[in-house]
Amino acid sequence: MPELPEVETIRLGLERHVLGKRVEEVVIHSARAVRKLADPAALEDDFSGRRIEEVARRGKFLWFALGGAPTAFVVHLGMSGQLLVHDTAPRELPRHTAVTVVLDGGAILFVDQRTFGYVHSSPLVETPDGLPAGTGTRLSALPALASHIARDPLDPHLDLDAVVARMGRTSSAIKRVLLDQRYVSGIGNIYADETLWHARVHPATSANQLSPEDLGRVVRTAAEVMGAAVRLGGTSFDAMYVNAEGQSGYFARELRAYGRTGGPCARCSTPLIRQVLGGRSTHLCPRCQISEQRAQWIGSGP
DNA sequence: CCCGGATCCTGCTGGC
DNA sequence: TGCCAGCAGGATCCGG
């Protein structure tokens, strides 16, 4: 479920509530949630007794840096993960609660219905560029678990030219490239469709058919769309996505493509269509978002 | 290299 | 009312 704007909204909420608090205990309710750990007891060993100094994020990865800890406490929310903050110890756990982090005053609950999410204790590795690793951290240290993903469009240290150059070397469909966290991270199915609608690019266009200018525009559009979504608290369709305080976001009403099959394009009123691309539902305007080849063909017509 | 498909899960919706 | 297929915001692996 959660893409960059939702994870960032959650991160902001956590920052407000848990910075400086001390971890007293990590309770694992679901073995599956710690499947990445060879030894689940590491969570307790690595973090209990330590204070939360940073709540950081890159793309859809979120992590806590704790004073003196050898590793970072990493959370990936998968399709349905939630992080809920309680300022007092919860007396009853929500269904699908997988992990509880008990704090000195309150708790953080990791709740995950579809169980694709996980928590981990991951060593911090230096970023290749020596710059801060993501949003919410001053450290140039990234959890090893997240070191394979690129910076995200809202990261001030994103090297746009380098990203564009890499994208221009693949013939994969631009939507697939946007979803590939190794080029640029944080974009999921909703924001990929929204970005391409705003940028007027057909999702199936090969990335190497787009000019560097177009690719740059696509990435900047992704940043604009996701920035606007963060300001509205993310996209909530139902209770599956809520922020750390249990509240919904309001970006769903701003969606122009995602989930609007058959509805009128906000630019040209043409009914939007749905296609499957890269195994994912893809929503687009068949008139505004023409493929590059077709654009050239039309442009060269009589 | 590139693509499509399957896979890991649970739960909801819509059609019959 | 019940059942079942299909679908869901992620990520990864495999075969062709």
Side-chain angles (χ1 to χ4, degrees), chain A residues 1-10 29-36 57-62 74-83 94-98 110-120 122 143 145-150 152 166-197 203-209 222 225-226 229-230 232-243 248-262 274-283:
Chain A
M1 126 179 86
E3 304 179 34
L4 186 155
E6 292 74 42
V7 180
E8 175 62 11
T9 301
I10 290 166
H29 310 288
S30 157
R32 186 166 156 78
V34 295
R35 64 190 179 279
K36 302 251 176 198
R57 181 190 58 75
R58 174 185 284 204
K60 303 169 198 171
F61 277 88
L62 192 140
V74 180
V75 182
H76 195 290
L77 299 172
M79 285 283 257
S80 59
Q82 305 177 335
L83 284 171
R95 190 161 157 77
H96 303 301
T97 301
F110 174 56
V111 181
D112 189 15
Q113 178 192 106
R114 289 179 65 188
T115 76
F116 292 165
Y118 54 85
V119 302
H120 196 73
S122 181
L145 192 66
S147 60
H148 64 294
I149 72 162
D152 61 64
R166 286 197 60 206
M167 286 181 167
R169 273 183 249 123
T170 178
S171 60
S172 292
I174 184 64
K175 170 151 179 180
R176 205 180 164 89
V177 173
L178 289 181
L179 292 176
D180 188 333
Q181 308 294 301
R182 294 171 301 181
Y183 290 90
V184 66
S185 66
I187 302 172
N189 208 33
I190 294 177
Y191 296 100
D193 284 4
E194 291 303 297
T195 294
L196 293 171
W197 181 87
T205 314
S206 294
N208 64 6
Q209 297 278 321
V225 171
M226 293 197 294
V230 170
L232 288 179
T235 299
S236 298
F237 297 128
D238 49 40
M240 284 274 265
Y241 164 69
V242 289
N243 68 13
S248 294
Y250 295 95
F251 195 71
R253 64 176 69 155
E254 306 300 322
L255 296 177
R256 295 291 179 266
Y258 186 85
R260 300 197 58 241
T261 310
R274 173 184 177 275
Q275 298 181 341
V276 175
L277 204 158
R280 315 296 301 277
S281 272
T282 299
H283 312 76

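Protein chains get the first letters and strands the later ones, always in sequence-line order, with residue 1 at the start of each.
Remark: P of C/dG9 and CZ of A/Phe251 are 16 Å apart, rounded to the nearest angstrom. Taking atom CE of A/Met79 as the reference point, atom C1' of C/dG9 lies 6 Å away to the nearest angstrom. What separates CG of A/Asp238 from C1' of B/dG11 is a distance of 11 Å, to the nearest Å. Atom P of nucleotide C/dG9 and atom CG of A/Leu178 are separated by 15 Å, given to the nearest angstrom. Straight-line distance from the CZ atom of A/Arg260 to the P atom of C/dG9: 17 Å, rounded to whole Å. When rounded to the nearest whole Å, the span between CD of A/Gln181 and P of C/dA11 equals 5 Å. In this structure, A/Gln275 atom CD and B/dC3 atom P are separated by 15 Å, rounded to whole Å. Summarising the geometry, the separation between NE2 on A/His120 and P on C/dG10 is reported as 22 Å, rounded to the nearest angstrom.
Nearest heavy atoms, A/Gly249 versus A/Tyr241: N-CE2, 4.2 Å. Scanning all heavy atoms of the two residues, the minimum distance from A/Ala150 to A/Ser185 falls at O-OG, 2.7 Å. What you find for A/Arg35 and A/Arg32 is that their closest heavy atoms are NH1-O, 2.8 Å.
Under 4.0 angstrom from either OP1 or OP2 of B/dT10 there lies no side-chain N or O belonging to A/Thr115. Taking only side-chain nitrogens and oxygens, A/Ser80 never comes nearer than 4.0 Å to OP1 or OP2 of B/dC9. Using a 4.0 Å cut-off, no side-chain N or O of A/His96 falls inside it from OP1 or OP2 of B/dT10. Proximity of A/Tyr191 to the phosphate of C/dG9: no side-chain N or O atom is located under 4.0 Å from OP1 or OP2. Between A/Arg280 and B/dG4 there is no side-chain polar atom (N or O) within less than 4.0 angstrom of OP1 or OP2. Contact check, A/Thr170 against B/dC2: a side-chain N or O comes under 4.0 Å of OP1 or OP2. Remark: A/Lys60 is not in phosphate contact with C/dG9, judged by side-chain N or O atoms under 4.0 Å from OP1 or OP2. An OP1 or OP2 oxygen of C/dT12 is reached within less than 4.0 angstrom by a side-chain nitrogen or oxygen of A/His148.
Judged by ring centres under 5.5 Å apart and planes tilted less than 30 degrees, A/Phe116 stacks against the six-membered base ring of C/dG10.
Where A/Gln113 and A/Arg176 each meet DNA chain C at their nearest nucleotide, the meeting point lying more 5' is that of A/Gln113. Comparing A/Arg32 and A/Ala173 along DNA chain B, the residue whose closest nucleotide (by nearest heavy atom) sits nearer the 5' end is A/Ala173.
Nucleotides B/dA6 and C/dA5 are separated by 15 Å at their P atoms, to the nearest Å. Separation of the P atoms belonging to C/dG6 and B/dG5 is 14 Å when rounded to the nearest angstrom.
Across all strands shown, A/Arg182 has no heavy atoms under 4.0 Å from either base or sugar-phosphate atoms. Looking at heavy-atom distances under 4.0 Å, A/Gly188 makes contact with sugar-phosphate atoms alone, never a base.
Distance check: A/Thr235 OG1 to A/Arg253 CZ gives 11.5 Å after rounding to the nearest 0.5 Å.
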Practice task
Dot-bracket notation for DNA chain B is requested: 5' to 3', Watson-Crick or G-U wobble pairs only, both distances under 3.5 Å, with ( ), [ ], | and . as defined.
Solution key: .|||||||.|||||||
Problem - From CA spacing to verdict: side chain to side chain contact (heavy atoms under 4.5 Å, CB included), A/Glu8, A/Met226 - result: CA-CA 10 Å; A/Glu8 175 62 11; A/Met226 293 197 294; over 6 Å; no
Practice task
Apply the test side chain to side chain contact (heavy atoms under 4.5 Å, CB included) to residues A/Leu4 and A/Tyr191: give CA-CA distance (whole Å), side-chain angles for both, the deciding distance (0.1 Å), then the verdict.
Solution key: CA-CA 9 Å; A/Leu4 186 155; A/Tyr191 296 100; over 6 Å; no
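Under 4.0 Å is where a charged nitrogen must lie from a carboxylate oxygen, and between A/Asp193 and A/Lys175 at least one such pair does.
Relative orientation of the A/His148 and A/Phe61 rings is perpendicular, given thresholds of 30° and 60° on the angle between their planes. Using bins of under 30°, 30° to 60° and over 60° for the plane-to-plane angle, the ring pair A/Phe237/A/Tyr258 lands in the parallel bin.
Candidate nucleotides B/dG11, C/dA11, B/dC3 were compared by shortest atom distance to the side chain of A/His76, and C/dA11 ranks first.
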